[in-house]
2 protein chains.
Amino acid sequence: MLSIGIMAKRTGTKVQTIRYYEQIGLMPEPGRTEGGQRRYGGVELDRLAFIRHARELGFSLEAIRELLDLSDSPERSCAQVDAVAQRQLKEVEARIARLEALRIELQRMLSECNADRVADCRILQVLRDHEECLADHGKPGN
Amino acid sequence: MLSIGIMAKRTGTKVQTIRYYEQIGLMPEPGRTEGGQRRYGGVELDRLAFIRHARELGFSLEAIRELLDLSDSPERSCAQVDAVAQRQLKEVEARIARLEALRIELQRMLSECNADRVADCRILQVLRDHEECLADHGKPGN
DNA sequence: CTTGAACCTACAGCCGCTGTAGACCCTATA
DNA sequence: TATAGGGTCTACAGCGGCTGTAGGTTCAAG
């Protein structure tokens, strides 16, 4: 029987995060001691490890929920699992592409700025005048 | 004199976002009509455009605040501006590196899974057993 | 003068946690 | 068996950066 702290340590999760996963229904409600403390078994530990690993790979909690549901029906086709992973890969690729564009623009800005004073700073000029900017960026974030 | 809606249209910002920027002190409190509606001038428009452009380049609101403060003292050295941009570039590069690792891992997972049934699905196996995974990922997100 | 689009404030919600306060429990040692 | 102190409990607020809603007011065109 594992306390929540042990679970946390074993999976590299914060205690509050585990409680949060329980709250949103990603982790099951575990048994309790007489005093009301959570006690877990190996199944729950595995589930939490699965969740954490999927998080590390960038899957959203919603996607993880889907994967966990799918893995509960072992006889079904795994095409849906593939689709979830494929979707995740596409998202990651899109983020990389966007960040690459930002990286290039930032590098250009930095390399062009040889000014001393703020008044002549190319970086601020580029930020002020969108026209100076080569890239036409998508949405901010990521 | 520009209404908030015009400001929004000109800069591709949502009206609420502009009010939010005002709330957190990134945009100044503008003048008002007798009826209490915000009216802006060109200076505010430029400032908002600056903010949006910097956001598109991935700068945090805190970094943007810093850049705006710096651009208010045109006689100072622009070394600090460079430092902010440099920091941003480093962050972008770090995110790219992390996402690249995820991309590779996801591709590997997908290419290895030739199973039909969920029970044999490599993707789920990799997620279950961290050992199967090559990369040792950092923090989730980005 | 009327209409209806735009604007106002205030607040809740998104994601995925993280931190806090104040109380309670569990276990090891004296 | 009493106590100390670390772990755990609930409940809620806060992060970043917005976005959406409700319910009301104002502005400008016709």
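Scope of the values below: all heavy atoms of this structure, side chains included, with no hydrogens, waters or symmetry mates. Naming convention: chains lettered A, B, ... in sequence-line order (proteins, then strands); numbering from 1 in each chain.
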Check your understanding: What's the closest nucleotide to the T33(A) side chain, out of dC26(C), dT19(D), dG17(D)?
Key ->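 Looking only at side-chain atoms, T33(A) lies closest to dC26(C).
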Review point. Out of dC17(C), dG17(D), dC18(D), which has the shortest distance to the side chain of R52(B)?
Key: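 Side chain of R52(B) sits closest to dC18(D).
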Review point. If you measure from CD1 on I96(A) to CD on E91(A), what distance do you get to the nearest 0.5 Å?
Key: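 The CD atom of E91(A) is 12.0 Å from CD1 of I96(A), to the nearest 0.5 Å.
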Check your understanding: Salt bridge between E22(A) and R19(A), side-chain N to carboxylate O under 4.0 Å?
Key ->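 No, no charged N to carboxylate O under 4.0 Å.
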Check your understanding: Between E105(A) and R108(A), is the closest basic N to carboxylate O distance under 4.0 Å?
Key ->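 Yes, R108(A) and E105(A) are salt-bridged.
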Round to a whole Å and report the spacing from [atom1] of [X] to [atom2] of [N].
X      : N       : atom1 : atom2 : answer
I6(A)  : dT27(C) : CD1   : P     : 11 Å
I18(A) : dC9(D)  : CD1   : C1'   : 14 Å
E22(A) : dC17(C) : CD    : P     : 15 Å
K14(B) : dG17(D) : NZ    : C1'   : 13 Å
Q23(A) : dA13(D) : CD    : C1'   : 13 Å
R32(B) : dA6(C)  : CZ    : C1'   : 14 Å

Heavy atoms under 4.0 Å, any strand shown: does [X] hit a base, just sugar-phosphate, or nothing?
X      : result
I4(B)  : sugar-phosphate
Y21(B) : sugar-phosphate
R19(A) : base

Exercise for review: Begin with the C-alpha distance, continue with both residues' side-chain angles, and end with the deciding distance and a verdict on salt bridge (charged side-chain N to carboxylate O under 4.0 Å, His left out) for E100(B) and R95(B).
Suggested key: CA-CA 8 Å; E100(B) 273 298 336; R95(B) 282 196 228 164; over 6 Å; no
Point to revise | Test applied, side-chain contact (heavy atoms from CB on, under 4.5 Å); reference residue, I51(B); option that passes from I64(B), D46(B), T11(B), I18(B) | key: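 Exactly one pass, corresponding to I64(B).
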Exercise for review: Starting from the 5' end of DNA chain C, give me the residue, Y20(A) or Q37(A), whose nearest nucleotide shows up first.
Suggested key: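 Checking each residue's closest nucleotide, the 5'-ward one belongs to Y20(A).
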Exercise for review: Using heavy atoms to find the nearest nucleotide of DNA chain C for G35(A) and F59(A) separately, return the residue whose nucleotide is more 5′.
Suggested key: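 It is F59(A), whose closest nucleotide lies nearer the 5' terminus.
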Check your understanding: What about Q16(A): does its side chain form a donor-acceptor pair under 3.5 Å with the base of dG19(C)?
Key ->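 It does, because a donor-acceptor pair links the side chain of Q16(A) to the base of dG19(C) below 3.5 Å.
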Check your understanding: Within the pair R38(B) and dC27(D), is there a side-chain N or O less than 4.0 Å away from OP1 or OP2?
Key ->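 R38(B) to dC27(D) OP1/OP2: no side-chain N or O under 4.0 Å.
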